[in-house]
2 protein chains.
Amino acid sequence: MSRAQRAISDLKLGFRPLYRQVREILIKRIADGTWQPGQLLPSEPEIAAELDVSPGTVRKALDEMTAENLVVRRQGRGTFVARHDDARILFQFFKLLPDSGTPEFPESKVLRVTSGVHEEAAGRLGRQPKERIIVLDRVRMLGGRLCVLERIHLPAFLFPELENREIPNNLYQLYATGFGVTIGHASEQLKAVAATADEASYLQVDAGTPLLRIDRIAFALDERPVEWRVSLCRTDRIHYLSDLR
Amino acid sequence: MSRAQRAISDLKLGFRPLYRQVREILIKRIADGTWQPGQLLPSEPEIAAELDVSPGTVRKALDEMTAENLVVRRQGRGTFVARHDDARILFQFFKLLPDSGTPEFPESKVLRVTSGVHEEAAGRLGRQPKERIIVLDRVRMLGGRLCVLERIHLPAFLFPELENREIPNNLYQLYATGFGVTIGHASEQLKAVAATADEASYLQVDAGTPLLRIDRIAFALDERPVEWRVSLCRTDRIHYLSDLR
DNA sequence: TAGTGGTCTAGACCACCAT
DNA sequence: TGGTGGTCTAGACCACTAG
(Lines give C-alpha, C1' and ligand atoms only; values in the text may rest on other atoms or scores of the structure.)
Protein backbone atom coordinates (compact mmCIF):
# COMPACT_ATOMS: atom_id res chain seq x y z
CA MET A 1 0.00 0.00 0.00
CA SER A 2 1.37 3.42 -0.89
CA ARG A 3 1.66 6.19 1.64
CA ALA A 4 -1.21 8.09 0.07
CA GLN A 5 -3.47 5.05 0.16
CA ARG A 6 -2.56 4.32 3.75
CA ALA A 7 -3.35 7.89 4.73
CA ILE A 8 -6.79 7.58 3.17
CA SER A 9 -7.60 4.32 4.95
CA ASP A 10 -6.51 5.92 8.22
CA LEU A 11 -9.13 8.59 7.71
CA LYS A 12 -11.94 6.16 6.96
CA LEU A 13 -11.17 3.58 9.65
CA GLY A 14 -10.43 4.42 13.26
CA PHE A 15 -7.34 6.61 13.30
CA ARG A 16 -4.17 5.35 14.94
CA PRO A 17 -0.94 7.32 14.75
CA LEU A 18 1.59 5.85 12.38
CA TYR A 19 4.26 5.53 15.06
CA ARG A 20 1.89 3.41 17.16
CA GLN A 21 1.25 1.12 14.20
CA VAL A 22 5.00 0.81 13.78
CA ARG A 23 5.35 0.08 17.50
CA GLU A 24 2.79 -2.71 17.29
CA ILE A 25 4.51 -4.28 14.30
CA LEU A 26 7.82 -4.27 16.17
CA ILE A 27 6.28 -5.68 19.37
CA LYS A 28 4.66 -8.44 17.33
CA ARG A 29 8.07 -9.42 16.00
CA ILE A 30 9.41 -9.74 19.53
CA ALA A 31 6.30 -11.56 20.76
CA ASP A 32 6.37 -14.16 17.96
CA GLY A 33 10.09 -14.79 18.28
CA THR A 34 11.18 -13.23 14.98
CA TRP A 35 13.48 -11.12 17.12
CA GLN A 36 14.83 -13.04 20.13
CA PRO A 37 15.73 -11.57 23.53
CA GLY A 38 19.17 -9.97 23.38
CA GLN A 39 19.15 -9.80 19.59
CA LEU A 40 20.29 -6.69 17.71
CA LEU A 41 17.50 -4.97 15.79
CA PRO A 42 18.04 -3.54 12.31
CA SER A 43 19.15 0.09 12.40
CA GLU A 44 16.51 2.79 12.53
CA PRO A 45 16.93 3.83 8.88
CA GLU A 46 16.68 0.17 7.81
CA ILE A 47 13.42 -0.37 9.68
CA ALA A 48 12.11 2.91 8.28
CA ALA A 49 12.90 1.89 4.71
CA GLU A 50 11.38 -1.54 5.14
CA LEU A 51 8.11 -0.19 6.58
CA ASP A 52 8.08 2.81 4.23
CA VAL A 53 7.94 5.46 6.95
CA SER A 54 10.37 8.20 7.90
CA PRO A 55 13.20 7.49 10.35
CA GLY A 56 11.67 9.92 12.85
CA THR A 57 8.54 7.81 13.07
CA VAL A 58 10.54 4.65 13.81
CA ARG A 59 12.48 6.62 16.40
CA LYS A 60 9.29 7.68 18.17
CA ALA A 61 8.05 4.07 18.24
CA LEU A 62 11.38 2.93 19.70
CA ASP A 63 11.26 5.80 22.22
CA GLU A 64 8.05 4.37 23.64
CA MET A 65 9.37 0.81 23.59
CA THR A 66 12.49 1.94 25.43
CA ALA A 67 10.33 3.58 28.12
CA GLU A 68 8.41 0.30 28.44
CA ASN A 69 11.64 -1.69 28.88
CA LEU A 70 10.90 -3.73 25.74
CA VAL A 71 14.14 -2.74 23.98
CA VAL A 72 17.47 -1.37 25.14
CA ARG A 73 19.42 1.26 23.22
CA ARG A 74 23.20 1.42 23.37
CA GLN A 75 24.72 4.45 21.77
CA GLY A 76 27.17 3.54 19.06
CA ARG A 77 26.13 -0.13 19.06
CA GLY A 78 22.45 -0.37 18.22
CA THR A 79 19.05 -1.27 19.68
CA PHE A 80 18.55 -4.70 21.29
CA VAL A 81 15.52 -6.72 22.39
CA ALA A 82 15.40 -6.46 26.20
CA ARG A 83 16.32 -9.60 28.12
CA HIS A 84 14.90 -10.72 31.46
CA ASP A 85 18.32 -10.80 33.05
CA ASP A 86 18.66 -10.55 36.81
CA ALA A 87 19.43 -6.83 36.72
CA ARG A 88 16.22 -6.03 34.84
CA ILE A 89 14.09 -8.28 37.07
CA LEU A 90 15.59 -6.60 40.11
CA PHE A 91 14.80 -3.18 38.71
CA GLN A 92 11.38 -3.79 37.18
CA PHE A 93 9.73 -6.76 38.89
CA PHE A 94 11.29 -7.33 42.30
CA LYS A 95 10.40 -4.53 44.70
CA LEU A 96 11.48 -6.16 47.97
CA LEU A 97 14.65 -4.55 49.26
CA PRO A 98 16.69 -4.92 52.44
CA ASP A 99 16.05 -2.06 54.92
CA SER A 100 19.78 -1.42 54.86
CA GLY A 101 22.30 -2.56 52.29
CA THR A 102 22.24 -3.01 48.55
CA PRO A 103 19.45 -4.53 46.40
CA GLU A 104 19.97 -8.20 45.76
CA PHE A 105 18.44 -10.90 43.55
CA PRO A 106 16.80 -13.50 45.81
CA GLU A 107 17.74 -17.18 45.80
CA SER A 108 14.88 -19.65 45.49
CA LYS A 109 14.11 -23.19 46.58
CA VAL A 110 11.25 -25.04 44.89
CA LEU A 111 8.99 -26.91 47.33
CA ARG A 112 6.74 -28.70 44.81
CA VAL A 113 5.27 -28.52 41.33
CA THR A 114 1.80 -29.93 40.66
CA SER A 115 -0.91 -29.51 38.05
CA GLY A 116 -4.63 -30.03 37.70
CA VAL A 117 -7.94 -28.22 37.66
CA HIS A 118 -7.94 -24.96 39.61
CA GLU A 119 -11.00 -22.87 38.91
CA GLU A 120 -9.94 -19.77 40.84
CA ALA A 121 -6.56 -19.62 39.08
CA ALA A 122 -8.18 -20.31 35.71
CA GLY A 123 -10.51 -17.40 36.31
CA ARG A 124 -7.68 -15.04 37.28
CA LEU A 125 -5.78 -16.10 34.15
CA GLY A 126 -8.73 -15.66 31.81
CA ARG A 127 -8.93 -19.38 31.00
CA GLN A 128 -11.83 -21.85 30.97
CA PRO A 129 -12.60 -23.27 34.45
CA LYS A 130 -11.49 -26.82 33.64
CA GLU A 131 -8.24 -25.97 31.88
CA ARG A 132 -5.17 -27.52 33.44
CA ILE A 133 -3.16 -25.21 35.69
CA ILE A 134 0.41 -25.70 36.88
CA VAL A 135 1.03 -24.72 40.52
CA LEU A 136 4.57 -24.06 41.73
CA ASP A 137 5.40 -23.47 45.37
CA ARG A 138 8.74 -22.09 46.48
CA VAL A 139 10.50 -20.14 49.20
CA ARG A 140 12.96 -17.32 48.58
CA MET A 141 15.91 -15.98 50.50
CA LEU A 142 17.54 -12.57 50.74
CA GLY A 143 20.94 -12.24 52.38
CA GLY A 144 20.79 -15.94 53.22
CA ARG A 145 17.62 -15.30 55.21
CA LEU A 146 14.31 -16.92 54.31
CA CYS A 147 11.69 -14.22 53.77
CA VAL A 148 9.20 -15.08 51.00
CA LEU A 149 6.80 -18.00 50.53
CA GLU A 150 5.06 -17.97 47.18
CA ARG A 151 2.64 -19.90 45.00
CA ILE A 152 2.73 -19.44 41.22
CA HIS A 153 -0.11 -20.44 38.88
CA LEU A 154 0.38 -20.93 35.13
CA PRO A 155 -1.89 -22.09 32.28
CA ALA A 156 -0.42 -25.53 31.46
CA PHE A 157 -0.93 -25.26 27.68
CA LEU A 158 1.50 -22.32 27.50
CA PHE A 159 4.24 -24.11 29.44
CA PRO A 160 4.30 -27.74 28.22
CA GLU A 161 6.40 -30.14 30.28
CA LEU A 162 7.42 -27.42 32.72
CA GLU A 163 6.83 -29.91 35.55
CA ASN A 164 9.64 -32.12 34.21
CA ARG A 165 12.18 -29.34 33.85
CA GLU A 166 14.80 -27.96 36.11
CA ILE A 167 13.20 -24.84 37.64
CA PRO A 168 15.71 -21.97 37.66
CA ASN A 169 15.83 -19.04 40.01
CA ASN A 170 14.85 -16.54 37.33
CA LEU A 171 11.43 -17.70 36.12
CA TYR A 172 10.73 -14.87 33.67
CA GLN A 173 13.90 -15.73 31.78
CA LEU A 174 12.71 -19.35 31.61
CA TYR A 175 9.29 -18.29 30.31
CA ALA A 176 10.95 -16.25 27.56
CA THR A 177 13.75 -18.54 26.44
CA GLY A 178 12.09 -21.90 27.18
CA PHE A 179 8.51 -21.24 26.13
CA GLY A 180 8.52 -18.07 24.03
CA VAL A 181 6.36 -16.23 26.58
CA THR A 182 7.78 -12.79 27.35
CA ILE A 183 6.41 -10.94 30.38
CA GLY A 184 5.82 -7.28 29.52
CA HIS A 185 4.31 -5.86 32.70
CA ALA A 186 2.47 -6.86 35.87
CA SER A 187 -0.05 -5.53 38.37
CA GLU A 188 0.22 -6.15 42.11
CA GLN A 189 -2.28 -5.85 44.96
CA LEU A 190 -0.80 -5.63 48.47
CA LYS A 191 -2.36 -6.41 51.82
CA ALA A 192 -1.21 -7.09 55.37
CA VAL A 193 -2.34 -10.51 56.60
CA ALA A 194 -1.72 -12.78 59.61
CA ALA A 195 0.41 -15.87 59.03
CA THR A 196 -1.46 -19.18 59.29
CA ALA A 197 0.23 -21.95 61.27
CA ASP A 198 1.34 -23.60 58.03
CA GLU A 199 2.74 -20.41 56.51
CA ALA A 200 4.39 -19.51 59.79
CA SER A 201 6.33 -22.76 59.91
CA TYR A 202 7.73 -22.21 56.41
CA LEU A 203 8.75 -18.65 57.22
CA GLN A 204 10.06 -19.50 60.69
CA VAL A 205 7.80 -17.01 62.49
CA ASP A 206 4.96 -17.36 64.99
CA ALA A 207 1.45 -17.97 63.74
CA GLY A 208 -0.39 -14.66 63.50
CA THR A 209 2.73 -12.68 62.58
CA PRO A 210 1.85 -9.87 60.13
CA LEU A 211 2.97 -10.70 56.58
CA LEU A 212 2.91 -8.66 53.41
CA ARG A 213 0.74 -10.47 50.86
CA ILE A 214 1.50 -9.60 47.22
CA ASP A 215 -1.05 -10.75 44.65
CA ARG A 216 0.42 -10.37 41.14
CA ILE A 217 -0.95 -10.90 37.66
CA ALA A 218 1.77 -10.81 34.99
CA PHE A 219 0.96 -10.07 31.35
CA ALA A 220 2.68 -11.24 28.18
CA LEU A 221 3.58 -8.86 25.35
CA ASP A 222 0.20 -9.57 23.71
CA GLU A 223 -1.48 -8.43 26.98
CA ARG A 224 -2.74 -11.90 27.88
CA PRO A 225 -2.48 -12.70 31.63
CA VAL A 226 -0.07 -15.64 31.86
CA GLU A 227 0.99 -15.87 35.52
CA TRP A 228 -0.82 -15.46 38.83
CA ARG A 229 1.51 -15.28 41.79
CA VAL A 230 0.79 -14.86 45.51
CA SER A 231 3.80 -14.01 47.66
CA LEU A 232 3.82 -13.90 51.46
CA CYS A 233 6.70 -11.87 52.87
CA ARG A 234 8.00 -11.28 56.34
CA THR A 235 8.97 -7.63 56.37
CA ASP A 236 10.94 -7.37 59.59
CA ARG A 237 14.19 -6.63 57.71
CA ILE A 238 12.99 -5.89 54.20
CA HIS A 239 10.39 -3.58 52.68
CA TYR A 240 8.46 -3.13 49.45
CA LEU A 241 9.53 -0.06 47.45
CA SER A 242 7.01 1.95 45.45
CA ASP A 243 7.94 5.13 43.61
CA LEU A 244 5.11 7.56 42.85
CA ARG A 245 5.97 9.69 39.82
CA MET B 1 24.30 34.35 24.31
CA SER B 2 24.11 33.27 20.67
CA ARG B 3 23.47 29.70 19.65
CA ALA B 4 27.04 29.26 18.50
CA GLN B 5 28.43 30.55 21.81
CA ARG B 6 26.09 28.32 23.78
CA ALA B 7 27.21 25.31 21.72
CA ILE B 8 30.84 26.07 22.56
CA SER B 9 30.21 26.41 26.29
CA ASP B 10 28.32 23.11 26.19
CA LEU B 11 31.45 21.47 24.86
CA LYS B 12 33.73 22.91 27.51
CA LEU B 13 31.48 22.37 30.52
CA GLY B 14 29.66 19.12 31.26
CA PHE B 15 27.33 18.45 28.35
CA ARG B 16 23.57 18.53 28.93
CA PRO B 17 21.10 18.16 26.07
CA LEU B 18 19.42 21.38 25.13
CA TYR B 19 15.93 20.00 25.69
CA ARG B 20 16.88 19.11 29.28
CA GLN B 21 18.12 22.65 29.87
CA VAL B 22 14.82 23.91 28.51
CA ARG B 23 12.95 21.48 30.76
CA GLU B 24 14.81 22.77 33.82
CA ILE B 25 14.07 26.38 32.96
CA LEU B 26 10.37 25.57 32.61
CA ILE B 27 10.28 23.56 35.87
CA LYS B 28 11.97 26.46 37.66
CA ARG B 29 9.20 28.77 36.49
CA ILE B 30 6.60 26.44 37.96
CA ALA B 31 8.58 25.91 41.18
CA ASP B 32 9.04 29.64 41.83
CA GLY B 33 5.43 30.50 41.07
CA THR B 34 6.02 32.40 37.83
CA TRP B 35 3.54 29.96 36.36
CA GLN B 36 0.82 28.99 38.83
CA PRO B 37 -1.00 25.63 39.00
CA GLY B 38 -3.74 25.51 36.38
CA GLN B 39 -2.24 28.37 34.38
CA LEU B 40 -1.97 28.27 30.60
CA LEU B 41 1.62 28.20 29.34
CA PRO B 42 2.70 30.22 26.31
CA SER B 43 2.40 28.26 23.08
CA GLU B 44 5.29 26.06 22.00
CA PRO B 45 6.48 28.42 19.25
CA GLU B 46 6.38 31.34 21.71
CA ILE B 47 8.52 29.51 24.28
CA ALA B 48 10.89 28.43 21.51
CA ALA B 49 11.31 32.00 20.25
CA GLU B 50 11.85 33.36 23.76
CA LEU B 51 14.53 30.77 24.61
CA ASP B 52 16.03 30.87 21.11
CA VAL B 53 15.65 27.16 20.38
CA SER B 54 13.64 25.31 17.78
CA PRO B 55 10.00 24.36 18.48
CA GLY B 56 10.93 20.68 18.35
CA THR B 57 13.27 21.11 21.30
CA VAL B 58 10.56 22.75 23.40
CA ARG B 59 8.22 19.96 22.38
CA LYS B 60 10.64 17.32 23.61
CA ALA B 61 11.03 19.10 26.96
CA LEU B 62 7.24 19.29 27.32
CA ASP B 63 6.95 15.61 26.32
CA GLU B 64 9.04 14.69 29.36
CA MET B 65 7.17 17.06 31.65
CA THR B 66 3.87 15.59 30.50
CA ALA B 67 5.15 12.09 31.32
CA GLU B 68 6.12 13.37 34.79
CA ASN B 69 2.65 14.84 35.38
CA LEU B 70 4.09 18.34 35.71
CA VAL B 71 2.02 19.79 32.86
CA VAL B 72 -1.16 18.73 31.09
CA ARG B 73 -1.68 19.11 27.34
CA ARG B 74 -5.11 19.66 25.85
CA GLN B 75 -5.28 19.47 22.11
CA GLY B 76 -6.66 22.61 20.58
CA ARG B 77 -6.44 24.54 23.89
CA GLY B 78 -2.86 24.61 25.05
CA THR B 79 -0.51 23.30 27.76
CA PHE B 80 -1.34 23.93 31.42
CA VAL B 81 0.57 23.65 34.71
CA ALA B 82 -0.71 20.48 36.41
CA ARG B 83 -2.87 21.00 39.47
CA HIS B 84 -3.06 18.75 42.53
CA ASP B 85 -6.78 18.23 42.07
CA ASP B 86 -8.45 15.20 43.59
CA ALA B 87 -8.37 13.26 40.32
CA ARG B 88 -4.61 13.61 40.00
CA ILE B 89 -3.96 12.74 43.65
CA LEU B 90 -6.13 9.67 43.25
CA PHE B 91 -4.21 8.63 40.16
CA GLN B 92 -0.67 9.49 41.19
CA PHE B 93 -0.40 9.56 44.98
CA PHE B 94 -3.21 7.52 46.50
CA LYS B 95 -2.74 3.83 45.79
CA LEU B 96 -5.29 2.42 48.27
CA LEU B 97 -8.31 1.10 46.43
CA PRO B 98 -11.42 -0.79 47.51
CA ASP B 99 -11.22 -4.53 46.70
CA SER B 100 -14.44 -4.12 44.77
CA GLY B 101 -15.98 -0.93 43.46
CA THR B 102 -14.58 2.26 42.02
CA PRO B 103 -11.58 4.29 43.22
CA GLU B 104 -12.53 7.04 45.60
CA PHE B 105 -10.87 10.04 47.24
CA PRO B 106 -10.74 9.46 51.00
CA GLU B 107 -12.31 11.79 53.54
CA SER B 108 -10.10 12.91 56.41
CA LYS B 109 -10.53 13.95 60.04
CA VAL B 110 -7.68 15.79 61.73
CA LEU B 111 -6.92 14.51 65.26
CA ARG B 112 -4.30 17.09 66.29
CA VAL B 113 -1.62 19.43 64.99
CA THR B 114 1.49 20.08 67.09
CA SER B 115 5.01 21.37 66.51
CA GLY B 116 8.41 21.21 68.14
CA VAL B 117 11.78 19.53 67.96
CA HIS B 118 11.69 16.08 66.33
CA GLU B 119 15.14 14.80 65.50
CA GLU B 120 14.07 11.70 63.60
CA ALA B 121 11.70 13.67 61.35
CA ALA B 122 14.30 16.40 60.86
CA GLY B 123 16.75 13.75 59.74
CA ARG B 124 14.32 12.19 57.28
CA LEU B 125 13.56 15.65 55.88
CA GLY B 126 17.20 16.64 55.51
CA ARG B 127 16.95 19.41 58.12
CA GLN B 128 19.08 20.30 61.12
CA PRO B 129 18.19 18.24 64.25
CA LYS B 130 16.79 21.17 66.21
CA GLU B 131 14.68 22.72 63.47
CA ARG B 132 11.01 22.98 64.30
CA ILE B 133 8.80 20.27 62.82
CA ILE B 134 5.03 20.33 62.43
CA VAL B 135 3.28 17.03 63.21
CA LEU B 136 -0.24 16.39 61.93
CA ASP B 137 -2.26 13.32 62.94
CA ARG B 138 -5.41 12.32 61.13
CA VAL B 139 -7.64 9.40 60.25
CA ARG B 140 -9.06 8.72 56.81
CA MET B 141 -12.19 7.02 55.58
CA LEU B 142 -13.08 5.17 52.39
CA GLY B 143 -16.70 4.36 51.65
CA GLY B 144 -17.64 5.83 55.04
CA ARG B 145 -15.37 3.26 56.70
CA LEU B 146 -12.36 4.25 58.77
CA CYS B 147 -9.26 2.57 57.38
CA VAL B 148 -6.14 4.78 57.64
CA LEU B 149 -4.37 6.36 60.61
CA GLU B 150 -1.52 8.64 59.60
CA ARG B 151 1.10 11.01 60.99
CA ILE B 152 2.52 13.71 58.75
CA HIS B 153 5.79 15.58 59.46
CA LEU B 154 6.67 18.92 57.84
CA PRO B 155 9.56 21.40 58.22
CA ALA B 156 7.86 24.33 59.95
CA PHE B 157 9.79 27.05 58.10
CA LEU B 158 8.24 25.96 54.77
CA PHE B 159 4.67 26.02 56.11
CA PRO B 160 4.34 29.11 58.34
CA GLU B 161 1.18 29.31 60.45
CA LEU B 162 -0.10 26.01 59.10
CA GLU B 163 -1.13 25.12 62.66
CA ASN B 164 -3.61 28.01 62.69
CA ARG B 165 -5.21 27.19 59.37
CA GLU B 166 -8.17 25.13 58.39
CA ILE B 167 -6.67 21.78 57.28
CA PRO B 168 -8.38 20.59 54.09
CA ASN B 169 -8.78 17.04 52.90
CA ASN B 170 -6.39 17.50 49.97
CA LEU B 171 -3.08 18.44 51.59
CA TYR B 172 -0.96 18.60 48.43
CA GLN B 173 -3.28 21.21 46.99
CA LEU B 174 -2.87 23.22 50.21
CA TYR B 175 0.93 22.95 50.04
CA ALA B 176 0.87 24.25 46.45
CA THR B 177 -1.69 27.02 46.67
CA GLY B 178 -1.15 28.08 50.29
CA PHE B 179 2.63 27.80 50.60
CA GLY B 180 4.02 27.60 47.07
CA VAL B 181 5.39 24.10 47.69
CA THR B 182 4.50 21.76 44.83
CA ILE B 183 4.97 18.03 45.36
CA GLY B 184 6.55 16.45 42.29
CA HIS B 185 7.02 12.84 43.29
CA ALA B 186 7.28 10.54 46.32
CA SER B 187 8.89 7.30 47.43
CA GLU B 188 7.11 4.78 49.65
CA GLN B 189 8.37 1.86 51.73
CA LEU B 190 5.74 -0.74 52.71
CA LYS B 191 5.75 -3.23 55.55
CA ALA B 192 3.25 -5.41 57.39
CA VAL B 193 3.10 -4.61 61.12
CA ALA B 194 0.97 -5.53 64.13
CA ALA B 195 -1.37 -2.85 65.50
CA THR B 196 -0.43 -1.49 68.91
CA ALA B 197 -3.24 -1.10 71.43
CA ASP B 198 -3.35 2.63 70.72
CA GLU B 199 -3.43 2.25 66.95
CA ALA B 200 -5.98 -0.54 67.22
CA SER B 201 -8.42 1.67 69.12
CA TYR B 202 -8.26 4.37 66.44
CA LEU B 203 -8.80 1.87 63.64
CA GLN B 204 -11.45 -0.13 65.52
CA VAL B 205 -9.59 -3.42 65.29
CA ASP B 206 -8.02 -5.77 67.85
CA ALA B 207 -4.50 -5.12 69.05
CA GLY B 208 -2.08 -7.23 67.01
CA THR B 209 -4.17 -7.04 63.83
CA PRO B 210 -1.89 -6.92 60.75
CA LEU B 211 -1.73 -3.42 59.26
CA LEU B 212 -0.06 -2.13 56.12
CA ARG B 213 2.49 0.50 57.12
CA ILE B 214 3.34 3.01 54.38
CA ASP B 215 6.39 5.20 54.99
CA ARG B 216 6.46 8.03 52.43
CA ILE B 217 8.90 10.80 51.67
CA ALA B 218 7.45 13.40 49.27
CA PHE B 219 9.71 15.66 47.21
CA ALA B 220 9.11 19.20 45.94
CA LEU B 221 9.83 20.21 42.34
CA ASP B 222 13.36 21.23 43.37
CA GLU B 223 13.89 17.67 44.70
CA ARG B 224 14.00 18.76 48.36
CA PRO B 225 12.20 16.31 50.73
CA VAL B 226 9.35 18.31 52.26
CA GLU B 227 6.97 15.79 53.81
CA TRP B 228 7.43 12.58 55.78
CA ARG B 229 4.24 10.59 56.19
CA VAL B 230 3.59 7.29 57.96
CA SER B 231 0.22 5.70 57.20
CA LEU B 232 -1.20 2.64 58.96
CA CYS B 233 -3.92 0.93 56.97
CA ARG B 234 -6.29 -1.89 57.69
CA THR B 235 -6.46 -3.85 54.46
CA ASP B 236 -9.41 -6.14 55.09
CA ARG B 237 -11.49 -4.45 52.39
CA ILE B 238 -8.94 -2.35 50.54
CA HIS B 239 -5.55 -3.02 48.95
CA TYR B 240 -2.51 -1.11 47.74
CA LEU B 241 -2.11 -1.11 43.94
CA SER B 242 1.32 -1.22 42.33
CA ASP B 243 1.81 -1.44 38.58
CA LEU B 244 5.14 -2.81 37.35
CA ARG B 245 5.94 -1.50 33.87
C1' DT C 1 -12.20 30.76 11.38
C1' DA C 2 -8.00 31.17 14.00
C1' DG C 3 -4.94 29.08 17.12
C1' DT C 4 -3.39 25.17 19.57
C1' DG C 5 -1.19 20.72 20.18
C1' DG C 6 -0.48 16.07 17.45
C1' DT C 7 1.78 13.81 13.80
C1' DC C 8 4.95 13.05 10.12
C1' DT C 9 8.72 14.05 7.35
C1' DA C 10 13.61 15.30 6.13
C1' DG C 11 18.17 16.14 6.99
C1' DA C 12 22.29 17.95 9.59
C1' DC C 13 25.69 17.22 13.01
C1' DC C 14 27.53 15.07 17.33
C1' DA C 15 28.96 11.31 20.73
C1' DC C 16 29.99 6.73 21.30
C1' DC C 17 31.67 2.15 20.04
C1' DA C 18 33.92 -1.54 17.51
C1' DT C 19 37.55 -2.33 14.50
C1' DT D 1 37.37 4.94 10.39
C1' DG D 2 32.53 3.71 9.63
C1' DG D 3 28.18 2.91 11.60
C1' DT D 4 25.12 3.49 15.37
C1' DG D 5 21.97 6.04 18.29
C1' DG D 6 21.43 11.04 20.35
C1' DT D 7 20.27 15.68 19.48
C1' DC D 8 18.62 19.64 17.07
C1' DT D 9 16.46 21.98 13.50
C1' DA D 10 12.74 23.18 10.07
C1' DG D 11 8.47 22.94 8.11
C1' DA D 12 4.10 20.66 6.40
C1' DC D 13 -0.35 19.06 7.41
C1' DC D 14 -4.08 17.25 10.54
C1' DA D 15 -7.37 17.17 14.64
C1' DC D 16 -9.37 19.55 18.22
C1' DT D 17 -11.22 23.67 20.65
C1' DA D 18 -13.11 28.14 21.20
C1' DG D 19 -15.47 32.02 19.67
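Note that this is a predicted model, so its numbers are computed, not measured. Residue numbers begin at 1 in each chain, while the letters A, B, ... track the order of the sequences. Side chains are part of it too, since the values below use all heavy atoms of this structure and drop only hydrogens, waters and symmetry mates.
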Under a 4.5 Å cut-off applied to non-hydrogen side-chain atoms, are A:I30 and A:M65 in contact?
yes

Please tell me if A:K60 has a side-chain N or O lying less than 4.0 Å from either OP1 or OP2 of C:dC8.
no

Within the distance-only criterion (no hydrogens, no angle test), does the side chain of B:E188 pair as donor or acceptor with the backbone N or O of B:R216 below 3.5 angstrom?
no

Whole-Å gap separating P (D:dC8) and CG (B:D52)
13 Å

Find the distance B:L51:CG to D:dC8:P and express it as a whole number of Å.
13 Å

Starting at atom CD of A:E44, determine the distance to atom P of C:dG11, rounded to an integer number of angstrom.
16 Å

What class does the angle between the rings of B:F93 and B:H84 fall in, given that below 30° is parallel, 30 to 60° is tilted and above 60° is perpendicular?
tilted

Under 4.0 Å from any atom of DNA chain D, heavy atoms only: list the residues of residues 75-85 of chain B that qualify, in numerical order.
B:Q75, B:G76, B:R77

Expressed as a whole number of angstroms, how long is the span from B:L18:CG to C:dC14:C1'?
13 Å

Could you check whether A:E44 pairs with A:R73 (Lys NZ or Arg NE/NH1/NH2 to Asp/Glu carboxylate O, under 4.0 Å)?
yes

Is the shortest side-chain N/O distance from B:Y19 to OP1 or OP2 of D:dT7 below 4.0 Å?
yes

Rounded distance in Å - CD (B:Q21) to P (D:dT9)
11 Å

A:R73 side chain near D:dG6 phosphate (N/O to OP1/OP2, under 4.0 Å)
yes

Would you call the rings of B:F105 and B:F94 parallel, tilted or perpendicular if under 30° counts as parallel and over 60° as perpendicular?
tilted

Return the value, rounded to whole Å, for the distance between atom CZ of A:R74 and atom P of C:dA18.
9 Å

Identify whether the distance between the nearest side-chain nitrogen and carboxylate oxygen of B:R138 and B:E150 falls below 4.0 Å.
yes

Stems where DNA chain D pairs, listed by first number, each of three or more Watson-Crick or G-U pairs under 3.5 Å
C:1-18 with D:1-18

For A:T57 and for B:E46, locate the closest nucleotide of DNA chain C by heavy-atom distance; then report the residue assigned to the nucleotide nearer the 5' terminus.
B:E46

For atom CZ of A:R23 and atom P of C:dC8, their distance in whole Å:
14 Å

Return the minimal non-hydrogen interatomic distance between A:V71 and A:L62, and the atom names on each side.
CG2-O, 4.2 Å

Look at the aromatic rings of B:F179 and B:F159 and report parallel, tilted or perpendicular, splitting at 30° and 60°.
perpendicular

Side chain of B:R59, heavy atoms from C-beta onward: which of D:dA10, C:dC8, C:dG5 has the nearest atom to it?
C:dG5

Quick one: salt bridge (Lys or Arg N to Asp or Glu O under 4.0 Å) partners of A:E107, sequence neighbours excluded?
none

